[in-house]
Trainee: 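Would you mind keeping the following structure in view while I ask a few things?
Numbering starts at 1 and runs along the sequence shown.
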Amino acid sequence: MRVLVVEDEQYMARVLEIGLRREAIAVDVVHDGTAALEKLAVYDYDAVVLDRDLPGVHGDEVCRRVVAMRLECRVLMLTAAGRLGDKVEGLGLGADDYLAKPFDFPELVARLRALYRRNPMAHAPVLTFADLAFDTHRRRVLRAGQEVRLTPKELAVLELLMRADGGVLSAEYLLDKAWDAYTDPLTNAVRLIVHTLRRKLGEPRLVQTAISAGYYLGTE
């Protein structure tokens, strides 16, 4: 899952960035509406955490343009404007969800994951393949009934592979979805994560390589 955080208050933006990354969510951060629209024009995000009162282009206008461009990303407005009328107005602009500040961080994460599951590519909360099970709510992976402890980045890559339902995902796609915009496109980070996933998941191997194409889940 890849999220764009649009928040002009620097400390709040940093808190959101750190917290979401700990939840195995790739995060890009910008601090004004103009920069948000530039990012949205280049990158394929699953969700946007959007403040309303932004410098440059107002958050409301960013939301309108997301809807007008028919982007597949979901919009969660996260703002201090928490009156009922504000929420009705924000949702009326096309936002998919609305959360007022102050907020509980676990609720924000739960709402983002709920929005992600509404994506046409999303599956049930518990993903399964062969003897592998991934509880996406609890972020818990079991192989043949035994828990496998994975890092947030390993969890992110495994979830993408499991949601692909056997389809081949290129290294570029995995890099785009599980890392942020500042990652070197020539990095071997994907290959290293796949290597550690194979080691931790054990035999028989489930993460397969499609030569010159990418990776997929299969039992050979």
Trainee: Is a side-chain donor or acceptor of Asp104 paired with a backbone partner of Glu107 at a separation under 3.5 angstrom?
Mentor: no

Trainee: Say whether Leu99 and Val15 are linked into one hydrophobic cluster, either directly or through other cluster members, by side-chain heavy-atom distances under 4.5 angstrom.
Mentor: no

Trainee: Provide the closest heavy-atom pair for Thr34 versus Gly56 in the form atom of the first, atom of the second, distance.
Mentor: OG1-CA, 4.0 Å

Trainee: Among Leu78, Asp86, Val62, exactly one meets side-chain contact (heavy atoms from CB on, under 4.5 Å) together with Arg52. Which residue is that?
Mentor: Asp86

Trainee: Show, in sequence, the C-alpha distance, side-chain angles and deciding distance for Glu154 and Leu158, and conclude whether the side chain to side chain contact (heavy atoms under 4.5 Å, CB included) test is met.
Mentor: CA-CA 6 Å; Glu154 290 162 359; Leu158 180 61; over 6 Å; no

Trainee: Enter the distance from Asp8:CG to Leu54:CG here, rounded to the nearest 0.5 Å.
Mentor: 5.5 Å

Trainee: Counting C-beta onward and ignoring hydrogens, is there a side-chain heavy-atom pair between Tyr215 and Val168 closer than 4.5 Å?
Mentor: no

Trainee: Please check: side-chain N/O of Lys153 versus main-chain N/O of Ala178, any donor-acceptor pairing under 3.5 Å?
Mentor: yes

Trainee: Answer yes or no: is there a side-chain heavy-atom contact under 4.5 Å between Val207 and Leu217?
Mentor: yes

Trainee: For the pair Tyr45 and Leu71, evaluate side chain to side chain contact (heavy atoms under 4.5 Å, CB included) and give the outcome as yes or no after the intermediate values.
Mentor: CA-CA 9 Å; Tyr45 293 101; Leu71 300 179; over 6 Å; no

Trainee: Just by distance, do the side chain of Glu61 and the backbone of His58 share a donor-acceptor pair under 3.5 Å?
Mentor: no

Trainee: If two hydrophobic side chains count as joined below 4.5 Å and joins carry through other members, does Val48 share a cluster with Val67?
Mentor: no

Trainee: Is the NZ or CZ atom of Arg74 both under 6.0 Å from the centre of the six-membered ring of Tyr116 and within 45° of that ring's axis?
Mentor: no

Trainee: Using every non-hydrogen atom in the two residues, find where Ala13 and Val29 come nearest and quote the distance to one decimal.
Mentor: CB-CG1, 3.8 Å

Trainee: If only side-chain N and O atoms count, and only distance matters, is there a donor-acceptor pair under 3.5 Å linking Thr136 with Glu159?
Mentor: no

Trainee: Does the side chain of Arg198 come under 3.5 Å of the side chain of Thr209 through a donor N or O and an acceptor N or O?
Mentor: yes

Trainee: State, to 0.1 Å, how close Ala156 and Ala24 come at their nearest heavy-atom pair, and which atoms those are.
Mentor: CB-O, 3.6 Å

Trainee: Which value, rounded to the nearest 0.5 Å, describes the distance between Asp97 atom CG and Leu91 atom CG?
Mentor: 7.0 Å

Trainee: Side-chain contact, heavy-atom cut-off 4.5 Å: Thr79 with Asp53?
Mentor: no

Trainee: With side chain to side chain contact (heavy atoms under 4.5 Å, CB included) as the test, would you mind laying out the steps for Asp176 and Tyr43 before giving the verdict?
Mentor: CA-CA 8 Å; Asp176 182 64; Tyr43 298 104; 4.0 Å; yes

Trainee: Say whether, by atom type as modelled, one donor and one acceptor occur between the side chain of Lys177 and the main chain of Asp44 under 3.5 angstrom.
Mentor: yes

Trainee: Indicate yes or no: at least one non-hydrogen side-chain atom of Leu108 is less than 4.5 angstrom from one of Leu16.
Mentor: yes

Trainee: Out of curiosity, does Leu192 fall in the hydrophobic cluster containing Tyr173 (side-chain heavy atoms, cut-off under 4.5 Å, transitive links)?
Mentor: no

Trainee: Return the minimal non-hydrogen interatomic distance between Leu127 and Arg163, and the atom names on each side.
Mentor: CD1-CG, 3.8 Å

Trainee: Is there side-chain contact between Ile25 and Arg113, with at least one heavy-atom pair below 4.5 Å?
Mentor: yes

Trainee: Any non-hydrogen side-chain atom of Val57 less than 4.5 Å from a side-chain atom of Asp32?
Mentor: no

Trainee: What's the verdict on side chain to side chain contact (heavy atoms under 4.5 Å, CB included) for Leu20 and Val5, showing C-alpha distance, side-chain angles and the deciding distance?
Mentor: CA-CA 10 Å; Leu20 291 174; Val5 171; 3.9 Å; yes

Trainee: Using atom types as modelled and distance alone, determine if a side-chain donor or acceptor of Asp96 lies under 3.5 Å from a backbone N or O of Val75.
Mentor: yes

Trainee: Measure the spacing between CE of Met77 and CG of Asp51 and express it to the nearest 0.5 Å.
Mentor: 9.5 Å

Trainee: Quick one: pull up CD in Gln146 and CG in Asp131 and give me the separation to the nearest 0.5 Å.
Mentor: 11.0 Å

Trainee: Applying the 4.5 Å side-chain criterion to the ILVMFWY set and letting contacts propagate, would Leu76 and Phe105 be lumped into a single cluster?
Mentor: yes

Trainee: Under 4.5 Å between side-chain heavy atoms, hopping through other hydrophobics if needed: is there a path connecting Val42 to Val66?
Mentor: yes

Trainee: With distance as the sole test, does Arg21 use its side chain to make a donor-acceptor pair with the main-chain N or O of Val27 at under 3.5 Å?
Mentor: yes

Trainee: Under the 3.5 angstrom rule, does the side chain of Asp46 hit a backbone N or O of Arg2 as a donor-acceptor pair?
Mentor: yes

Trainee: Ignoring hydrogens and angles, tell me if any N or O in the side chain of Gln10 forms a donor-acceptor pair with the backbone of Glu7 under 3.5 Å.
Mentor: no

Trainee: How many angstroms lie between atom CG of Leu93 and atom OH of Tyr98, to the nearest 0.5 angstrom?
Mentor: 9.0 Å

Trainee: Evaluate Glu23 against Arg139 for salt bridge (Lys or Arg N to Asp or Glu O under 4.0 Å), listing each step before the verdict.
Mentor: CA-CA 8 Å; Glu23 295 292 328; Arg139 313 305 293 168; 5.5 Å; no

Trainee: Less than 4.5 Å apart, side chain to side chain, heavy atoms only: is that true for Leu206 and Thr219?
Mentor: yes

Trainee: Do Thr128 and Phe134 make a side-chain contact, defined as non-hydrogen atoms from C-beta onward lying under 4.5 Å apart?
Mentor: no

Trainee: Considering all heavy atoms of both residues, which atom of Met162 and which atom of Phe129 are nearest to each other, and what is their separation?
Mentor: CE-N, 3.8 Å

Trainee: Working to the nearest 0.5 Å, report the span between CD1 of Ile193 and CG of Asn188.
Mentor: 10.5 Å

